[in-house]
Protein chains: 2
Amino acid sequence: MTEQDLSARIAGEIRDAIVSGALIVDARLPSEAELAEQFGVSRPTVREALKRLAAQNLIRTRRGATGGAFVRRLSFEEAQDQQVTTATLLLSMNAVDFDTACEARFALERACTALAAARRTPGHLARMDRELARQGDPALSDEAFCASDVAFHRALVDSAANPVLSYQLAGAIEAIEPLMNMIIFTARDRARILDLHGAIAAALARRDAAAMDGALSTLERYTCELAATVMARRGAAPSAARGR
Amino acid sequence: MTEQDLSARIAGEIRDAIVSGALIVDARLPSEAELAEQFGVSRPTVREALKRLAAQNLIRTRRGATGGAFVRRLSFEEAQDQQVTTATLLLSMNAVDFDTACEARFALERACTALAAARRTPGHLARMDRELARQGDPALSDEAFCASDVAFHRALVDSAANPVLSYQLAGAIEAIEPLMNMIIFTARDRARILDLHGAIAAALARRDAAAMDGALSTLERYTCELAATVMARRGAAPSAARGR
DNA sequence: AGACGATTAATTGTTTGACATTTAACTACC
DNA sequence: GGTAGTTAAATGTCAAACAATTAATCGTCT
């Protein structure tokens with residue numbers, strides 16, 4: 001671990017300063033020239049370090065007279081985006097078993113049902129109803145159906161009214177959904193899924209967390225069955241196996 | 001969004017190629033000189049782009065004759081580390097309400113109980129017992145007690161035997177734990193926590209998911225009470241409020 | 001013929017120096 | 001006093017070179 005290049009070491013030092021609180025949000029870092037002198041390296045090397053930090057959304061840079069690199073407030077939205085791409089790559093690169101991914105996704109989603117039942121607002125129910133209506137439209141393309149599926153489940157999670165939960169679940173739902181849809185694209189029975197979604201929404205409307213859990217579990221089982229069917233039809237190729 | 005610098009655009013193009021699968025794991029990217037020519041930019045600019053990707057663990061570079069930049073397999077462990085630092089920053093920079101963070105953490109942990117009860121092995125129970133023994137030692141420092149607390153809960157999550165769940169929960173547990181400990185450090189009653197941990201472990205041993213849920217909920221309530229007490233003692237300062 | 005050592009080529013790591021671009025503040029003029 | 005031009009500071013980009021590392025190649029010696 002000690003053999004990382006200069007830009008990585010410098011980026012690490014600055015990152016530690018941010019994480020430890022020595023550099024607070026909106027604090028301005030020294031200019032590139034000053035950093036270069038402080039660390040005893042050239043400006044391109046400092047720039048590589050700053051780009052590393054920028055890639056992690058830890059700093060932003062502004063040009064001009066009062067420009068420079070500033071510690072950035074990491075927003076929930078950005079963190080979610082990071083989470084989604086990371087989780088997506090993690091699944092696609094590690095040949096994660098479909099059942100494993102599916103199991104995790106629904107287990108996490110069920111973690112929201114109690115809070116969702118207690119706190120859902122008419123707005124959340126409306127969001128879900130809107131997606132239900134879209135999903136019932138036979139003219140909807142497969143891609144759009146998938147997108148609506150994601151939107152439906154995210155509305156469910158958001159109805160728990162806990163931004164930390166929403167952030168965490170974003171990775172679980174968005175990252176696994178494409179994998180799921182790639183696999184069961186052709187075989188899926190929209191009517192069946194729509195039924196279950198309807199049951200979930202109805203249970204949420206009457207604040208019945210147990211019924212939501214049940215419907216989600218049924219949906220999980222159905223999804224896994226579908227995947228198994230598709231997999232069997234494709235031969236013995238094991239799920240998303242790829243690489244190495 | 002269109003006004004990003006060259007290195008960001010180039011990094012984005014390469015990242016898309018990786019995410020879309022055009023560049024698979026272990027594939028070698030063109031050399032820096034070739035990339036510079038392809039994109040019509042200078043080598044330093046290409047290098048900045050590559051450092052951005054390296055910061056996200058998307059590529060690794062090797063020097064020497066057969067060197068170059070290679071698409072890297074994102075491991076669960078690295079992804080977890082990323083998750084933990086991101087989640088930690090997210091909470092500290094956004095003044096997340098303690099109750100909100102705590103609620104999310106325990107909700108997610110309860111999502112693991114059913115699977116954990118079904119699949120826990122003697123190895124998991126032993127890990128948890130080891131931590132229980134440490135937590136019972138009055139000579140243990142506060143920092144070590146916190147670390148043991150994290151280890152205990154991670155063992156619980158791992159007993160669900162689902163790597164995707166473990167990955168997701170790592171962020172929730174590790175990121176929130178420091179925040180929690182900073183706040184309730186002085187006030188915490190170790191005997192009470194040890195009791196609850198013991199109840200959780202015992203319930204897991206007899207595969208009683210409902211009892212685990214109950215004990216976790218009790219622990220959640222106790223934690224929130226503690227935080228409220230500490231907060232009240234400190235005056236009306238609202239939780240981890242900081243920044244902006 | 002085979003093993004071993006030196007050479008070579010390819011590639012990333014780092015430096016220096018320069019120029020372009022952007023932005024805010026300052027200054028001078030009207 | 002306001003406005004336009006100037007200036008200074010900072011990041012963005014480029015060019016050319018050298019250092020360091022690594023594997024393959026070539027040559028020599030046994």
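Letters go in sequence order (proteins before strands), and every chain restarts at 1. Only a predicted model underlies this, so the values are computations on that prediction, with no experimental measurement involved.
In the set D/dC14, C/dT12, C/dT15, D/dC14 carries the atom at the smallest distance from any side-chain atom of B/S42. When each of C/dT22, C/dT15, D/dT22 is scored by its nearest atom to the side-chain atoms of A/P44, the top-ranked nucleotide is C/dT15. Listed nucleotides C/dG13, D/dT13, D/dA9 differ in distance to A/A65; the shortest reach to its side chain belongs to D/dA9. Distance from the side chain of A/R47 is smallest for D/dT13 among the nucleotides D/dT13, D/dA10, C/dG13. Checking C/dA9, D/dA10, C/dT14 against every side-chain atom of A/D5, the shortest atom distance belongs to C/dT14.
Within a 6.0 Å radius of CD in B/E37, other residues, nucleotides and ligands contribute 12 heavy atoms or fewer.
If you check distances only, the side chain of A/R43 never reaches the base of C/dG17 with a donor-acceptor pair under 3.5 Å. Residue B/R63 places no side-chain atom within donor-acceptor reach of the base of C/dT11, judged by atom type and a 3.5 Å distance cut-off alone.
At D/dA9, none of the side-chain N or O atoms of A/S31 fall inside 4.0 Å of OP1 or OP2 (strictly under the cut-off). Considering only side-chain N and O atoms, A/T45 lies nowhere under 4.0 angstrom from the phosphate OP1 or OP2 of C/dG13. Here B/T66 does not reach the OP1 or OP2 of D/dA23: none of its side-chain N or O atoms lies under 4.0 Å away.
One can place CZ of B/R28 at 15 Å from P of D/dT22, the figure rounded to the nearest angstrom. Atom CD in A/E32 sits about 15 Å away from atom C1' in D/dC14, given to the nearest Å.
Taking the side-chain contact (heavy atoms from CB on, under 4.5 Å) definition, one finds that A/C102 meets it with A/F98, A/F106, A/M180, A/E220, A/T223, A/C224, sequence neighbours left out.
A salt bridge is absent between A/R119 and A/D158; no separation between the charged side-chain nitrogens and carboxylate oxygens falls under 4.0 Å.
Judged as a salt bridge (charged side-chain N to carboxylate O under 4.0 Å, His left out), the pairs with a partner in residues 77-87 of chain A (not counting sequence neighbours) are, in order, A/R72-A/E78.
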